[in-house]
J.: 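The structure is given below, and queries will be raised subsequently.
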Amino acid sequence: MLQVSYIRDNREQVLDRLAVKNFKQPELVDEIIALDDKRRSTQTSMDNVSAEANAAAKQIGELMRAGKKAEAEEIKAKTGAWKEDIKKFGDLLAATEEELYQKIVLLPNLPHSSVPKGLTPEENEVVLENGAKPELPANALPHWELAAKYNLIDFELGVKITGAGFPVYKNKGAKLQRALINYFIDEAEKAGYSEVSVPLMVNKDSGFGTGQLPDKEGQMYFVTEDELYLIPTAEVPVTNIYRDVILKADELPVKNCGHTPCFRREAGSYGAHVRGLNRLHQFDKVEIVQVVHPDKSYETLEQMSAHVQGLLKNLGLPYRVLRLCGGDMGFASALTYDMETWSAAQQRWLEVSSVSNFETFQSNRLKLRFRNSEGKTQLAHTLNGSALALPRIVATLLENNQTEKGIKIPEVLVPYTKFEWID
RNA sequence: GGUGAGGUGCCUGAGAGGCCGAAAGGAUCAGUUUGCUAAACUGACGUACGGGAAACUGUACCGAGGGUUCGAAUCCCUCCCUCACCGCCA
């Protein structure tokens with residue numbers, strides 16, 4: 001959620017930036033400014049009447065104590081009108097605030113100046129590519145066939161137990177998952193992140209705090225009986241640790257990492273591109289989250305990007321980094337890098353990580369602040385990134401590392417898997 | 001699920017219609033003193049919104065929402081949550 005005061009003071013810039021995100025309703029900006037004017041004048045009116053009424057109430061108390069009952073009654077007679085006014089202004093204020101809120105939550109975050117204009121994923125900017133794409137033999141298999149061949153993942157069994165998109169990992173497939181999770185967590189801790197293990201269901205306030213609500217309501221599984229959402233990413237519970245928190249300046253940066261399953265309804269996604277591990281309703285992910293001083297957030301974003309790239313390099317996966325264009329970015333993000341690995345058997349790039357700076361968009365909703373050098377509270381910046389999401393990493397590893405002998409496990413993972421080959 | 005007790009500031013905890021944005025202690029910060037550390041003393045110390053260049057100032061907030069009253073942390077109603085015990089149970 002953007003800050004009204006910022007919109008008010010930077011109208012032109014807000015409109016320019018929203019245009020980069022292809023925002024369709026620029027007139028909302030002026031409506032918001034007008035509502036804010038109304039809100040402020042209403043509050044001033046109400047405050048003035050309240051001040052009068054408060055003063056009168058105090059006076060009545062003093063007169064009563066002094067035994068001047070008649071005078072007290074005289075003032076009492078006037079309070080009726082004030083009460084009506086306070087009620088009237090109060091209702092108007094509440095209605096105006098509500099209307100303002102309903103509009104302001106429709107505004108996406110403003111993109112950073114480096115974000116390219118564009119509508120579709122094709123217009124994302126390729127920042128860099130790293131690693132050679134492997135040449136596979138002609139009889140190379142896509143990961144879903146490898147998974148069957150080596151008895152690693154049973155998609156059909158998942159359908160029986162739950163439904164499509166809920167695979168069952170078996171044998172070395174299950175162990176590979178666990179190895180990757182542990183490896184990612186260990187690397188994050190080496191980079192200074194402290195591990196948290198968080199709830200997999202969150203309440204509405206948390207969903208709003210990180211911006212999944214109201215924007216992506218339909219993408220989350222909802223437990224109606226208890227009004228809880230299954231998390232679509234660890235970002236939600238981990239970032240919400242800091243909801244309604246005022247941090248001391250020296251507590252920044254906050255660095256947390258955590259592994260969770262993630263649940264996504266992915267309503268409307270079908271077809272060849274979602275085969276196998278390409279798109280699931282439940283998958284595992286290690287997430288890194290930071291809360292930082294606003295001056296440091298872009299520097300931090302680069303560090304987080306470098307961390308993710310380090311993992312990919314260590315795993316020996318060819319990857320590229322994209323700077324998402326305005327049209328492809330998330331609602332809450334100011335700048336997002338996507339990391340994609342090259343899936344050699346499918347001959348396509350697969351997104352395995354997304355690293356974003358939300359600036360104050362989340363912290364404004366979360367009321368996540370820190371005390372700055374002047375002793376004032378100020379909104380912190382939040383960032384997060386996948387480091388990494390498992391299924392597509394598994395897919396790429398299986399495909400790219402297939403040989404006649406079997407599938408070679410990357411060296412860094414062997415201490416975790418305790419085996420070198422899937423054969 | 002049943003029964004009981006509670007929700008007050010960073011924490012503990014008083015306050016039971018006006019003198020309360022809220023005692024006291026602790027924590028924290030600044031200063032004084034002490035050779036250092038510790039201690040002692042002095043002072044500061046909630047958040048949000050509005051007005052103001054600022055100093056400052058108005059309003060709201062004692063779990064949430066309503067109500068009674070000239071006036072509510074305090075009384076009434078509804079809801080939420082926490083804790084304890086019992087039941088059930090990984």
Side-chain angles (χ1 to χ4, degrees), chain A residues 1-9 32-105 197-209 223-229 237 240-252 254 261 291 360 362-380:
Chain A
M1 187 165 68
L2 296 175
Q3 294 166 84
V4 186
S5 57
Y6 183 85
I7 297 173
R8 199 200 301 155
D9 297 341
I32 285 165
I33 293 171
L35 279 170
D36 186 52
D37 285 343
K38 187 175 167 193
R39 184 194 116 251
R40 285 186 294 156
S41 66
T42 307
Q43 189 185 330
T44 303
S45 305
M46 187 173 83
D47 284 357
N48 289 341
V49 182
S50 296
E52 250 182 301
N54 285 347
K58 195 167 237 179
Q59 215 183 337
I60 291 168
E62 280 162 15
L63 288 170
M64 295 291 244
R65 235 169 301 127
K68 299 177 180 168
K69 207 163 177 210
E71 284 178 50
E73 288 300 330
E74 212 170 292
I75 300 172
K76 255 198 214 185
K78 291 196 244 171
T79 58
W82 288 328
K83 267 176 110 166
E84 269 177 45
D85 281 352
I86 291 170
K87 174 106 176 72
K88 190 182 78 191
F89 285 128
D91 288 348
L92 182 61
L93 184 63
T96 308
E97 280 176 344
E98 176 61 21
E99 202 182 338
L100 179 59
Y101 177 78
Q102 290 305 333
K103 297 217 156 145
I104 202 162
V105 294
S197 184
V198 291
L200 306 183
M201 289 193 237
V202 295
N203 57 29
K204 276 201 162 79
D205 284 346
S206 293
F208 274 102
V223 182
T224 51
E225 187 76 9
D226 297 294
E227 303 212 327
L228 296 172
Y229 295 86
N240 271 282
I241 291 173
Y242 304 97
R243 171 153 50 86
D244 288 321
V245 167
I246 300 173
L247 294 160
K248 297 192 184 103
D250 63 11
E251 289 176 300
L252 298 177
V254 169
V291 179
T360 59
Q362 291 184 328
S363 59
N364 189 30
R365 284 203 195 181
L366 291 161
K367 297 198 171 44
L368 197 190
R369 292 152 293 171
F370 71 100
R371 212 166 283 285
N372 65 21
S373 52
E374 291 166 15
K376 296 243 164 74
T377 59
Q378 186 181 341
L379 294 173

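Convention: sequence-line order gives letters A, B, ...; per-chain numbering from 1.
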J.: Pairs of donor and acceptor atoms involving the side chains of residues 86-105 of chain A, under 3.5 Å and at least two apart or interchain, shall be tabulated with distances.
T.:
residue: A:K87; atom: NZ; partner: A:D91; partner atom: OD2; Å: 3.1
residue: A:T96; atom: OG1; partner: A:L92; partner atom: O; Å: 2.6
residue: A:E98; atom: OE2; partner: A:Q102; partner atom: NE2; Å: 2.6
residue: A:K103; atom: NZ; partner: A:E31; partner atom: OE1; Å: 2.8

J.: Holding to side chain to side chain donor-acceptor pair (under 3.5 Å), I want the full list of residues that pass it with A:R39, two or more places apart in sequence or in another chain.
T.: A:D36

J.: Rounded to the nearest 0.5 Å, how far does CG of A:L228 lie from CG of A:L200?
T.: 11.5 Å

J.: For RNA chain B, which ranges pair as stems of 3 or more consecutive Watson-Crick or G-U pairs, with both donor-acceptor distances under 3.5 Å?
T.: B:1-7 with B:80-86, B:10-12 with B:24-26, B:28-32 with B:40-44, B:46-51 with B:56-61, B:63-67 with B:75-79

J.: Filter on salt bridge (Lys or Arg N to Asp or Glu O under 4.0 Å), then keep only pairs touching residues 365-374 of chain A, sequence neighbours left out; what's left?
T.: none

J.: Short of 4.0 Å, heavy atom to strand atom, which residues of residues 69-92 of chain A count as contacting RNA chain B?
T.: A:K76, A:T79, A:K83

J.: Which of residues 32-45 of chain A have a heavy atom under 4.0 Å from RNA chain B?
T.: A:R39, A:R40, A:Q43, A:T44

J.: Can you name the side chain to side chain donor-acceptor pair (under 3.5 Å) partners of A:T360, sequence neighbours left out?
T.: A:Q3

J.: Please report the interatomic distance CZ(A:F370) to CG(A:L379), rounded to the nearest 0.5 Å.
T.: 8.5 Å

J.: Nearest 0.5 Å please: distance from the OG1 atom of A:T377 over to the CD1 atom of A:I246.
T.: 6.0 Å

J.: Could you give the distance separating B:A84 and B:G25 at their P atoms, to the nearest angstrom?
T.: 31 Å

J.: To the nearest 0.5 Å, what is the distance between CZ on A:R8 and CG on A:L2?
T.: 13.5 Å

J.: Please list, chain by chain and in numerical order, all residues satisfying salt bridge (Lys or Arg N to Asp or Glu O under 4.0 Å) with A:K76, sequence neighbours excluded.
T.: A:E73

J.: Donor-acceptor pair, A:N372 side chain versus A:Q378 backbone, under 3.5 Å?
T.: no

J.: In chain order, what residues pass the side chain to side chain donor-acceptor pair (under 3.5 Å) check against A:D37, with sequence neighbours excluded?
T.: A:R40

J.: Rounding to the closest angstrom, what is the interatomic distance between B:U74 and B:G66 at atom P?
T.: 14 Å

J.: For the C1' atoms, the ones on B:G65 and on B:A73, what distance do you get once it is rounded to whole angstrom?
T.: 16 Å

J.: Looking only at atom P, what distance separates B:C75 and B:A16, rounded to whole Å?
T.: 10 Å

J.: Between which nucleotides of RNA chain B, read 5' to 3', does contact with chain A run, using atoms under 4.0 Å from its heavy atoms?
T.: B:G18 to B:G71

J.: Quantified in whole Å, what is the C1' atom distance between nucleotide B:G1 and nucleotide B:C11?
T.: 34 Å

J.: Roughly how far apart, to the nearest Å, are B:U57 and B:U42 at atom P?
T.: 26 Å

J.: So which pairs with a foot in residues 44-72 of chain A pass side chain to side chain donor-acceptor pair (under 3.5 Å), sequence neighbours left out?
T.: A:Q43-A:D47

J.: I'd like to check the ring-ring contact (aromatic ring centres under 6.0 Å, His included) partners of A:Y242; sequence neighbours left out, ordered by chain and number.
T.: none

J.: Apply side-chain contact (heavy atoms from CB on, under 4.5 Å) to the pair A:L368 and A:L247, showing each step before the final yes or no.
T.: CA-CA 8 Å; A:L368 197 190; A:L247 294 160; 3.8 Å; yes

J.: Which whole number of Å gives the distance between the P atom of B:C79 and that of B:A30?
T.: 49 Å

J.: Return the 5'-most residue of the pair A:E52, A:K248 with respect to RNA chain B, ranking by each residue's nearest nucleotide.
T.: A:K248

J.: Write down the distance separating the C1' atoms in B:A39 and B:A22, rounded off to the nearest Å.
T.: 31 Å

J.: Which part of the nucleic acid, if any, lies within reach of A:A56 when heavy atoms closer than 4.0 Å are counted: base, sugar-phosphate only, or nothing?
T.: nothing

J.: What's A:N54 touching, base or sugar-phosphate or nothing? Going by heavy atoms closer than 4.0 Å.
T.: sugar-phosphate

